[in-house]
Trainee: 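I have a structure here, written as structure tokens, and I will follow up with some questions on it.
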There are 2 protein chains.
Amino acid sequence: MDAIDLSLVDLLRGNARLSYAELARQVGLSAPAVHERVGKLESSGVVRGYRADVAPESIGLGVTALIGIVEDSGADTDDMLESLRVLPEIESCYFMAGVESFLLKARVGTIAELEQLIVRLNRTPGVASTRTAIALSTKWENRPQPVGPPAA
Amino acid sequence: MDAIDLSLVDLLRGNARLSYAELARQVGLSAPAVHERVGKLESSGVVRGYRADVAPESIGLGVTALIGIVEDSGADTDDMLESLRVLPEIESCYFMAGVESFLLKARVGTIAELEQLIVRLNRTPGVASTRTAIALSTKWENRPQPVGPPAA
DNA sequence: CACTCTCTGTGGATGCCATCGACCTGAGCC
DNA sequence: GGCTCAGGTCGATGGCATCCACAGAGAGTG
């Protein structure tokens with residue numbers, strides 16, 4: 001991970017569809033060299049994939065909610081995780097410090113669907129309680145932070 | 001947005017670097033047809049961009065925190081938003097229902113940097129108080145939810 | 001110091017892909 | 001019927017991805 005790798009990562013975070021030729025021009029290397037570097041970034045796990053950033057409301061997921069989960073004392077955290085993982089509405093899942101063991105970001109189409117999700121969560125073994133906060137609007141999301149040390 | 005558009009969106013959420021030729025094969029159209037559809041999805045705002053998914057710890061952002069913000073009564077929400085927007089550590093910003101007006105997801109390298117961020121937030125005009133929860137680990141994040149109605 | 005091995009580059013060749021333009025076809029409408 | 005438009009296909013062309021052979025820098029070693 002030298003400065004050129006960081007530039008590549010930065011460029012690809014801004015636009016994942018840049019061609020290798022374009023990346024090569026930006027960082028001052030040849031296209032094959034860039035191809036190899038990016039390949040190594042991928043196989044070493046630095047770059048986990050490439051995703052289209054889609055407006056959620058345009059694919060019927062207009063409701064965003066943040067849900068905190070308090071575990072039962074004695075609950076098996078791994079089992080709970082598996083239960084959470086199968087719920088497709090849960091877009092992100094963080095294991096937290098604090099009273100609430102998990103913080104979920106969930107995306108659904110309607111408030112009714114959110115209700116169903118919350119009911120399902122409360123029925124899940126190991127869940128003592130949930131606390132849901134609805135996002136009225138998303139000001140921004142997953143904004144890439146310019147890479148720290150060798151910026152440009 | 002017909003079924004083919006949804007398939008394209010799904011494919012690109014899974015791998016944003018798929019070629020138009022490959023997309024065309026997957027949905028059973030010609031490459032130029034796919035090119036035009038994707039172009040329309042982009043210009044209509046359904047597809048907002050393409051991002052490399054980078055492991056944050058590998059670029060020196062190993063600490064994730066969720067921060068709730070309570071506004072002063074009488075604070076100007078738009079001004080606050082502008083103050084928040086310039087802080088690069090804030091990766092996502094939701095305007096929430098509830099006592100806490102904003103919920104931020106912030107990413108920093110160290111706990112010391114997180115402390116600095118919280119201090120800055122508490123000094124920001126309009127901020128009455130903050131509440132910070134640290135993510136001990138990220139189980140998953142921004143997992144694409146398979147598109148609802150016409151799944152395969 | 002020279003030898004060698006490895007890592008990371010470059011440059012050239014080749015076949016696939018992006019992209020443009022010409023043309024086709026079916027739906028909706030006078 | 002005949003217009004028009006949206007959205008397709010096909011073919012051509014230039015650029016790009018990708019493979020290969022080879023070159024130079026640095027580290028470790030006799």
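Please read these numbers as outputs of a predicted model, since none were measured by experiment. Reminder, nothing fancy here: chain letters follow the sequence lines and each chain counts from 1.
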Trainee: Can you check the B:Leu29 CG to D:dC10 P distance for me, whole Å?
Mentor: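 The distance from CG of B:Leu29 to P of D:dC10 comes to 11 Å, rounded to the nearest Å.
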
Trainee: Could you go through the salt bridge (charged side-chain N to carboxylate O under 4.0 Å, His left out) check for A:Glu91 and B:Arg143 one step at a time?
Mentor: CA-CA 5 Å; A:Glu91 198 173 277; B:Arg143 179 174 65 164; over 6 Å; no

Trainee: What's the CG-P distance between A:Leu23 and D:dC16, to the nearest Å?
Mentor: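 It works out to 12 Å between those atoms.
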
Trainee: Please report, rounded to the nearest Å, how far the C1' atom of D:dA6 is from the CD1 atom of B:Ile4.
Mentor: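 Going from CD1 in B:Ile4 over to C1' in D:dA6 covers 14 Å.
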
Trainee: CG of A:Asp2 versus P of C:dC7: gap in Å, rounded?
Mentor: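 Value for this atom pair: 15 Å.
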
Trainee: Of the nucleotides D:dC16, C:dT19, C:dC17, which has the atom closest to the B:Ala31 side chain?
Mentor: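 So the side chain of B:Ala31 is nearest to C:dT19.
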
Trainee: Starting at atom CG of A:Leu18, determine the distance to atom P of D:dG15, rounded to an integer number of angstrom.
Mentor: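 Taking CG of A:Leu18 and P of D:dG15, I get 18 Å after rounding.
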
Trainee: Reading DNA chain C from 5' onward, which residue's closest nucleotide shows up sooner: A:Glu36 or A:Arg17?
Mentor: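 It is A:Glu36 whose nearest nucleotide is closer to the 5' end.
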
Trainee: Which is it for A:Tyr94 and A:Phe102 under the ring pair (Phe, Tyr, Trp, His ring centres under 6.0 Å) test, yes or no, and what are the steps along the way?
Mentor: CA-CA 6 Å; A:Tyr94 305 93; A:Phe102 293 99; over 10 Å; no

Trainee: Just checking, B:Arg17 and A:Tyr20: is the charged tip under 6.0 Å from the six-membered ring centre and within 45° of the axis?
Mentor: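 Cation-pi check for B:Arg17 and A:Tyr20: passes.
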
Trainee: Can you see if the side chain of A:Lys40 gets near the phosphate of C:dT8 - specifically, an N or O under 4.0 Å from OP1 or OP2?
Mentor: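 Affirmative; the distance criterion is met.
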
Trainee: Look at the side chain of B:Arg37 and decide which nucleotide, out of C:dG9, C:dC17, D:dG8, has an atom nearest to it.
Mentor: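 Nearest nucleotide to the side chain: D:dG8.
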
Trainee: Hey, is the main chain of B:Asp5 close enough, under 3.5 Å, to the side chain of B:Asp2 for a donor-acceptor pair?
Mentor: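 A pair under 3.5 Å: yes.
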
Trainee: Within the pair B:Arg25 and C:dC17, is there a side-chain N or O less than 4.0 Å away from OP1 or OP2?
Mentor: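 Answer yes for this pair, as a side-chain N or O of B:Arg25 is under 4.0 Å from OP1 or OP2.
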
Trainee: By the 4.0 Å heavy-atom rule, please label A:Ser30 as base, sugar-phosphate, or nothing.
Mentor: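 Base contact.
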
Trainee: Whole angstroms only, please: what is the OH-C1' distance between A:Tyr20 and C:dC16?
Mentor: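 One finds 15 Å between C1' of C:dC16 and OH of A:Tyr20, rounded.
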
Trainee: Is B:Lys105 salt-bridged to B:Glu141, going by a charged N under 4.0 Å from an acidic O?
Mentor: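 Salt bridge flag = yes for B:Glu141 with B:Lys105.
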
Trainee: Are A:His35 and D:dT18 close enough that a side-chain N or O sits under 4.0 Å from OP1 or OP2?
Mentor: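 The answer is yes; a side-chain N or O of A:His35 sits under 4.0 Å from OP1 or OP2.
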
Trainee: Would you kindly give the CD-to-C1' distance between A:Glu22 and D:dC16, to the nearest whole Å?
Mentor: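 Interatomic distance, CD of A:Glu22 to C1' of D:dC16: 12 Å.
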
